[in-house]
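Notes to accompany the following structure.
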Amino acid sequence: MQERGTFGRLGFVLAAAGSAIGLGNIWKFPYITYANEGGTFVLIYLVAIVAFGAPIMFAEILIGRNTTQSPVSAFSALSSSLQKSKAWVLTGWLGIAAGFVILSYYSVVAGWTIYYFGKCMTWSFNGFGPEQAANLGKDFGAFLGNGPLQILFHALFMGATMGVVILGVKGGIERSTKILMPVLFSILVLLCGTSIFTPGFGDAIGFLFHIGPLSADAILEAVGHAFFTLSLGMGAMITYGSYVSKKDSILKASFQVCLLDTVIAIMACVIMFSIIFSVPEAERATTFSKSATILFTTLPRMFYELPGGAILSPIFYLLVGFAALSSTISLMEVVVAYFIDEKGWARKKATLLVGGGIFLFGIPSALSLGASEFFSNAKILGDKSTGIFETMDYLASNWLLPVGGLLTALFVGWALPNAFTQAELEEGHGPFPYHAAWKFLLRFICPIGILCVIWNVA
Ligand code: PHE
């Protein structure tokens, strides 16, 4: 077997936060919140983070650290040493499938951040006036419809991810997140501070925190997003957990990751909705479609009104790209670690083959936002989603991740003995008096909750 690395204490929190914080927070959460009318959707999402997210994150990191294995090997090692059914290994497989699917379309969106970095550079040099502001939506649509550009930026992003994953845990992943995350956070704080002075700020806050009706589909989406945003239900946290030292507290690290992730998602919403609600209601619908585009059609307006915005805007998209990179790294690492741990492949070979395969699999998604009529209109799942991109996201976030999370909760809740889980959580932490309550959540609340949600939409 290849030598495995370990994370330093801060390195782990930042790498795990790096995995969690990404396009899910800054691109996806604002647009699905906008599409689902805010308030109640946000509330369900917050409940899902506390009731399902945090307990399952403890569970995943525990599995990884205890076995020092990636998901498939971890589930098979634990189930054979504790004489449990071999079938649990399916959970690991499901995770690898989810990683593969998510990375294939995630990398397409991540590529957009590089393109927008370039676009902002042009605006910063050539000027950004009312005409550019009015054309933001149209320009973005044209970019989405340009097939070769979509594939090019998808390829660039997959290449960057492979470059870091080849360097391995310590050299690549830990080092890059340690620098980038704090800078991204500072820019978000600055933008949030600025948004207070926009005319739409009050309405944005009202929209985020009002209570209204919500469909069963929207509830599934909120729960699915809680898994997506915390990188849960697919073994990413098991894989990262396998690099955590026994001296570190799983509980503390998980809590910090959940908190940071949630704060950043809410901040991204405040910033974007303040801009959206600053536009008169009559124009809003035509200016901002309730779709995957809002990150790219809202923010340039704010930036170029800010002093220093010409410098901040390219930096911002670059950093969102880096946040996406620390997530794509973790997605790829799950699949790559499988081939290293189970098949004994060298890291380089595993990365090149896995990366190449995911790139090819992502091409239909890249072409399904306008470039190809066929891929853009494909309705593989009937009315649930239109186009390959949306279908992949729907499948992964609303099904693969919640089901993966459900199986993990059942495994750690029922199959792992109490003495075992308690000892593992207390290692590096000290006494954990809430162990029984946590087990109760994993045994009953998470499975029943996730099943109810799935039942309602199936
Ligand atoms: N959590 C990441 C984000 O919010 C996406 C991701 C999902 C990463 C699953 C790894 C595993 O952008």
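Whatever order the structure lists them in is the order used to number ligands and atoms, beginning at 1.
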*May I ask you to test the Leu23-Lys28 pair for a side-chain heavy-atom distance under 4.5 Å?*
no

*Provide the full list of salt bridge (Lys or Arg N to Asp or Glu O under 4.0 Å) pairs with a residue in residues 41-65, sequence neighbours left out, each pair given once.*
Arg65-Glu424

*His154 side chain to Phe359 backbone, donor-acceptor under 3.5 Å*: yes

Every pair of nitrogen or oxygen atoms between ligand 1 and the protein that is under 3.5 angstrom apart - can you list them with their distances to 0.1 Å?
residue, atom, partner, partner atom, Å
ligand 1, 1 (N), Ser19, O, 3.2
ligand 1, 1 (N), Ala20, O, 3.0
ligand 1, 1 (N), Phe228, O, 2.8
ligand 1, 1 (N), Thr229, O, 3.1
ligand 1, 1 (N), Ser231, OG, 3.0
ligand 1, 4 (O), Ala20, O, 2.9
ligand 1, 4 (O), Gly24, N, 3.3
ligand 1, 4 (O), Asn25, OD1, 3.4
ligand 1, 12 (O), Leu23, N, 3.1
ligand 1, 12 (O), Gly24, N, 2.7
ligand 1, 12 (O), Tyr106, OH, 2.4

*Going by the ring-ring contact (aromatic ring centres under 6.0 Å, His included) test, name the single residue among Phe153, Tyr317, Phe303, Trp27 that passes it with Tyr116.*
Tyr317

_Parallel, tilted or perpendicular: which one describes the rings of Phe277 and Phe273, with boundaries at 30° and 60°?_
perpendicular

*asked:* Between Lys379 and Glu390 (salt bridge meaning N to carboxylate O under 4.0 Å), is one present in this structure?
replied: no

